[in-house]
Amino acid sequence: MARVYNFSAGPSMLPEEVLKTAADEMLEFGATGQSVMEMSHRSKEYQAIFDEAEANLREIMNIPDNYKVLFLQGGASTQFAMIPLNLMNKNKKADFIITGQWANKAYKEAARYGEARVVASSADKTYSYIPKTTAADFDPEADFVHICMNNTIYGTKYNELPQTGDVPLIADISSCILSEPIDVTKFGMLYAGAQKNVAPAGVTIVIIREDLIGNAMDITPTMLNYVTHADNGSMFNTPPCYAIYIAGLTFKWIKKMGGLEALREMNVKKAKVLYDFLDNSKMFKGTVVAEDRSLMNVPFVTGNDELDAKFVAEAKKAGFVNIKGHRSVGGMRASIYNAMPIEGVEKLVEFMKKFEEENA
Ligand SMILES: *Cc1c(COP(=O)(O)O)cnc(C)c1O
């Protein structure tokens with residue numbers, strides 16, 4: 001078996017230990033005589049898997065009791081509609097900061113249901129920074145403020161949250177969930193598709209303050225109403241059972257690793273290996289301003305499209321796969337989520353050094 005170093009932005013690497021446990025339990029989970037895939041979601045065996053996953057997530061993220069944790073389907077993209085349908089319900093207004101394609105998609109979807117306003121944007125410099133805002137920039141009458149915490153495509157992240165006063169802050173944390181501690185109480189709602197840092201695609205994690213549930217617009221489809229899922233323990237219909245099971249294994253792995261403080265330390269150290277190299281290379285350059293750099297997604301370029309293509313091809317041959325940049329920005333991007341070991345980044349940097357020497 002030769003596993004590659006997979007720098008994919010998502011779906012992406014999962015911890016090897018998680019995959020091995022899943023493999024061991026594939027034909028028979030515990031003494032049930034069946035795979036988790038084959039279990040009734042109403043069985044007590046599956047309910048135990050589900051409850052343990054939720055409890056561990058609550059523990060790892062320190063989620064207060066007045067927040068619901070929901071395991072939904074439809075990806076983070078479905079949240080772009082669910083959020084306005086459920087929460088743009090008092091003044092029918094919401095504020096958005098546009099830090100890339102995902103933030104923009106959330107904004108555009110909300111604009112279909114109410115008055116969505118762009119407060120700030122970093123489109124002027126290809127989203128290479130996080131725009132600064134002050135409390136005065138936000139509408140105190142807005143029903144919520146939406147941000148994308150870590151911008152998967154452009155490689156920026158918020159290190160300081162916008163000051164939104166009493167207006168609930170909602171963040172898309174799809175590509176940074178569980179990468180470092182986060183103060184849940186600062187948010188009305190957090191959400192993430194699982195396929196970047198948690199599990200296979202198919203489950204979306206929603207963490208929402210209880211008082212924000214229960215006031216959806218009349219047109220809201222039953223399946224898109226948070227009440228439906230909150231009142232039924234995410235089992236109004238069949239949940240993405242297997243993806244939730246894998247998420248549960250990842251949560252256990254995180255606990256074993258020492259929790260989110262330990263992961264932050266590991267992720268900072270890991271990202272520094274790559275950023276330090278980029279800061280000193282004559283050929284490769286990072287594309288993001290230093291203070292807003294993501295720990296998870298690191299875009300870089302040589303400034304020469306042919307050289308970029310040559311690098312991507314040679315990297316692939318050497319076992320560093322999925323390192324091509326997003327189709328909208330070109331260049332390269334190394335996504336280094338929790339499951340990417342530091343050796344993967346160290347070896348990539350060695351390879352980049354060699355490539356630089358050979359192509360100088
Ligand atoms: C990947 C990604 C999405 C889209 O997720 P889907 O689950 O494919 O809908 C949204 N936001 C961010 C920040 C992402 O990284």
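Any value given below was found using the heavy atoms of this structure, including those in side chains, with hydrogens, waters and symmetry copies removed. Throughout, residue positions are numbered sequentially from 1 according to the sequence presented. Ligands are counted one by one from 1 in listed order, and the atoms in each one are counted from 1 as well.
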In a table with atom names and distances, give each donor-acceptor pair under 3.5 Å that connects a side chain of residues 195-202 to protein atoms at least two apart or in another chain.
from	atom 1	to	atom 2	distance (Å)
N197	OD1	N338	N	3.0
N197	ND2	I177	O	3.0

>> Under the ring-ring contact (aromatic ring centres under 6.0 Å, His included) test against F96, which residue among W102, Y107, F138 passes?
In response: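 Testing each of W102, Y107, F138 against F96, the sole residue satisfying ring-ring contact (aromatic ring centres under 6.0 Å, His included) is Y107.
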Under 3.5 Å donor-acceptor pairs involving side-chain atoms of residues 315-326, not counting sequence neighbours:
from	atom 1	to	atom 2	distance (Å)
N322	ND2	N6	OD1	2.8
H326	ND1	S328	N	3.1
H326	ND1	S328	OG	2.7

> Would you call the rings of F71 and F50 parallel, tilted or perpendicular if under 30° counts as parallel and over 60° as perpendicular?
Replying inline: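 The arrangement is perpendicular - the two ring planes meet at more than 60°.
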> Short question: side chain of Y113, backbone of M88 - any donor-acceptor pair under 3.5 Å?
Replying inline: no
Once you restrict both partners to nitrogen or oxygen, which atoms of ligand 1 have a protein partner under 3.5 Å, and how far apart are they?
from	atom 1	to	atom 2	distance (Å)
ligand 1	7 (O)	A76	N	3.1
ligand 1	7 (O)	Q195	NE2	2.9
ligand 1	8 (O)	Q195	NE2	3.3
ligand 1	9 (O)	A76	N	3.2
ligand 1	9 (O)	S77	N	2.8
ligand 1	9 (O)	S77	OG	2.6
ligand 1	11 (N)	D172	OD2	2.6
ligand 1	15 (O)	T152	OG1	2.4
ligand 1	15 (O)	K196	NZ	2.5

Please tabulate, one pair per line, all N/O donor-acceptor pairs under 3.5 Å involving side-chain atoms of residues 73-84, not counting sequence neighbours.
from	atom 1	to	atom 2	distance (Å)
Q73	NE2	T238	O	2.9
T78	OG1	G74	O	2.6
Q79	OE1	Y226	OH	2.5

